[in-house]
Amino acid sequence: MKRVGILAVQGAFAEHKIVIEQLGAEAFEIRQKADLTEQGADAIILPGGESTVIGKLLKELDMFDKLQRMILEGIPLMGTCAGLILLAKEISNDDSRYLGTMDITAKRNAYGRQLGSFHTKGMFKGIGEIPMTFIRAPYIESVADQEGVEVLAKVDGNIVAARQKNMLVTAFHPELSQDLRVHQFFLEQI
Ligand code: GLN
């Protein structure tokens with residue numbers, strides 16, 4: 001059975017766990033470094049939350065370098081919302097950089113205050129039309145296409161899902177809908 005570790009230091013990790021279990025895989029929480037090294041994860045999810053807080057905790061809990069190495073070594077990984085920001089090589093409106101393993105430029109809180117949270121539907125390449133919930137979400141301002149970043153979804157012309165090698169990111173929260181197909185899509189890559 002596939003074992004999916006969900007980073008559980010802050011943010012919306014519980015919902016991911018439920019979805020992964022509904023799809024018949026095993027899910028466990030990554031709360032400390034030992035969970036990264038000893039639990040035998042086949043894949044990892046970086047949930048939504050506050051990228052600044054999660055980034056800081058990854059350092060404080062001494063998980064940052066190990067996680068970054070596992071990603072570079074190819075562990076399948078899905079990042080949603082703050083998880084997308086953590087993976088981005090560039091953040092256009094912030095000086096911080098976190099794991100920086102994916103050749104995308106993210107814009108934090110990209111929809112401004114008026115449109116802090118919203119719900120829509122959009123086409124996701126390889127899946128079809130899916131519900132998309134955005135919560136103070138980023139979007140992907142640009143991708144380095146020579147690095148093989150594939151755009152999977154756009155909303156109003158902005159990139160909201162992409163993948164590169166072992167990394168899949170969404171600006172929206174697929175774990176907050178009843179539609180399990182994005183997680184299914186992810187599990188199929190493992
Ligand atoms: N606004 C958050 C950030 O910048 C992301 C929000 C989310 O993950 N729902 O990290």
Side-chain angles (χ1 to χ4, degrees), residues 1-91 94-104 106 108-109 117 133-138 140 161-177 180 182-190:
M1 185 135 87
K2 290 168 188 169
R3 268 177 75 68
V4 181
I6 300 162
L7 186 68
V9 295
Q10 193 263 339
F13 51 85
E15 294 81 356
H16 281 289
K17 193 160 181 262
I18 294 167
V19 175
I20 291 297
E21 285 167 354
Q22 279 176 338
L23 288 168
E26 232 176 287
F28 68 92
E29 293 178 2
I30 299 172
R31 293 184 170 274
Q32 51 186 338
K33 192 176 184 183
D35 297 328
L36 272 180
T37 51
E38 290 164 23
Q39 292 258 20
D42 297 311
I44 291 176
I45 294 178
L46 305 182
E50 272 305 314
S51 51
T52 47
V53 177
I54 300 176
K56 188 162 167 272
L57 286 170
L58 283 174
K59 292 262 183 189
E60 280 176 19
L61 296 165
D62 189 29
M63 290 156 75
F64 190 94
D65 292 344
K66 175 65 185 168
L67 178 60
Q68 193 178 45
R69 202 166 335 120
M70 288 169 82
I71 299 169
L72 292 172
E73 284 169 2
I75 191 160
L77 183 131
M78 173 159 78
T80 58
C81 204
L84 178 157
I85 296 169
L86 291 170
L87 289 175
K89 200 158 268 180
E90 295 290 337
I91 304 169
D94 199 306
D95 289 335
S96 308
R97 299 287 175 278
Y98 302 98
L99 297 160
T101 50
M102 190 166 179
D103 291 301
I104 57 174
R108 280 189 74 195
N109 300 323
S117 302
T133 300
F134 294 83
I135 303 171
R136 289 174 293 104
I140 299 174
R163 77 172 153 188
Q164 180 184 26
K165 292 183 273 187
N166 51 318
M167 295 167 280
L168 169 68
V169 291
T170 66
F172 55 92
H173 286 266
E175 78 284 6
L176 296 182
S177 81
L180 311 184
V182 174
H183 287 79
Q184 179 76 54
F185 180 83
F186 174 58
L187 289 178
E188 281 163 10
Q189 326 280 311
I190 301 174

Which pair of heavy atoms, one from Phe28 and one from Lys17, lies closest together, and at what distance? CA-CE, 4.4 Å

Working to the nearest 0.5 angstrom, can you tell me the gap between Tyr98 OH and Leu87 CG? 12.5 Å

Would you give the length of the straight line joining atom NE2 of His173 to atom OG1 of Thr133, rounded to the nearest 0.5 angstrom? 8.0 Å

Could you state the interatomic distance from CZ (Phe134) to OG1 (Thr170), rounded to the nearest 0.5 Å? 8.5 Å

Mind checking whether Met78 and Phe185 have side chains closer than 4.5 Å, heavy atoms only? no

Work out which heavy atom in Ala137 is nearest to a heavy atom in Ala171; give both atom names and the distance. CB-O, 3.5 Å

Minimum-distance pair of heavy atoms, taken over all atoms of Glu29 and Asp35: O-OD2, 3.6 Å

4.5 Å side-chain heavy-atom contact, Leu176 and Glu15: yes

Distance-only donor-acceptor pairs under 3.5 Å for side chains of residues 42-59, two or more places apart:
{"from": "Asp42", "atom 1": "OD2", "to": "Arg3", "atom 2": "N", "distance (Å)": "2.7"}
{"from": "Glu50", "atom 1": "OE1", "to": "Arg108", "atom 2": "NH2", "distance (Å)": "3.3"}
{"from": "Glu50", "atom 1": "OE2", "to": "Arg136", "atom 2": "NH1", "distance (Å)": "2.7"}
{"from": "Lys56", "atom 1": "NZ", "to": "Glu60", "atom 2": "OE2", "distance (Å)": "3.3"}

Hey, what do you get for CD1 (Ile18) to CD1 (Ile6), rounding to the nearest 0.5 Å? 9.5 Å

Could you tell me which non-hydrogen atom of Val182 sits nearest to which non-hydrogen atom of Pro174, and how far apart they are? CB-CB, 3.8 Å

Summary of salt bridge (Lys or Arg N to Asp or Glu O under 4.0 Å) pairs that have at least one residue in residues 79-88, sequence neighbours excluded: none

Hey, could you give me the CD1/CD distance between Ile20 and Gln184, rounded to the nearest 0.5 Å? 9.5 Å

Can any side-chain N or O of Gln189 pair as donor or acceptor with the backbone N or O of Pro76 at less than 3.5 Å? no

Between Arg97 and Glu90, is any pair of side-chain heavy atoms under 4.5 Å apart? yes

Extract all donor-acceptor atom pairs below 3.5 Å that involve side chains of residues 61-74 and protein atoms in other chains or at least two apart in sequence.
{"from": "Asp62", "atom 1": "OD2", "to": "Lys33", "atom 2": "NZ", "distance (Å)": "3.1"}
{"from": "Gln68", "atom 1": "NE2", "to": "Leu99", "atom 2": "O", "distance (Å)": "2.8"}

Do you know which of Glu175, Gln22, His16 makes side-chain hydrogen bond (donor to acceptor under 3.5 Å, both in side chains) with His183? His16

For the atom pair CD1 (Ile91) and CG (Leu84), what is the distance rounded to the nearest 0.5 Å? 9.5 Å

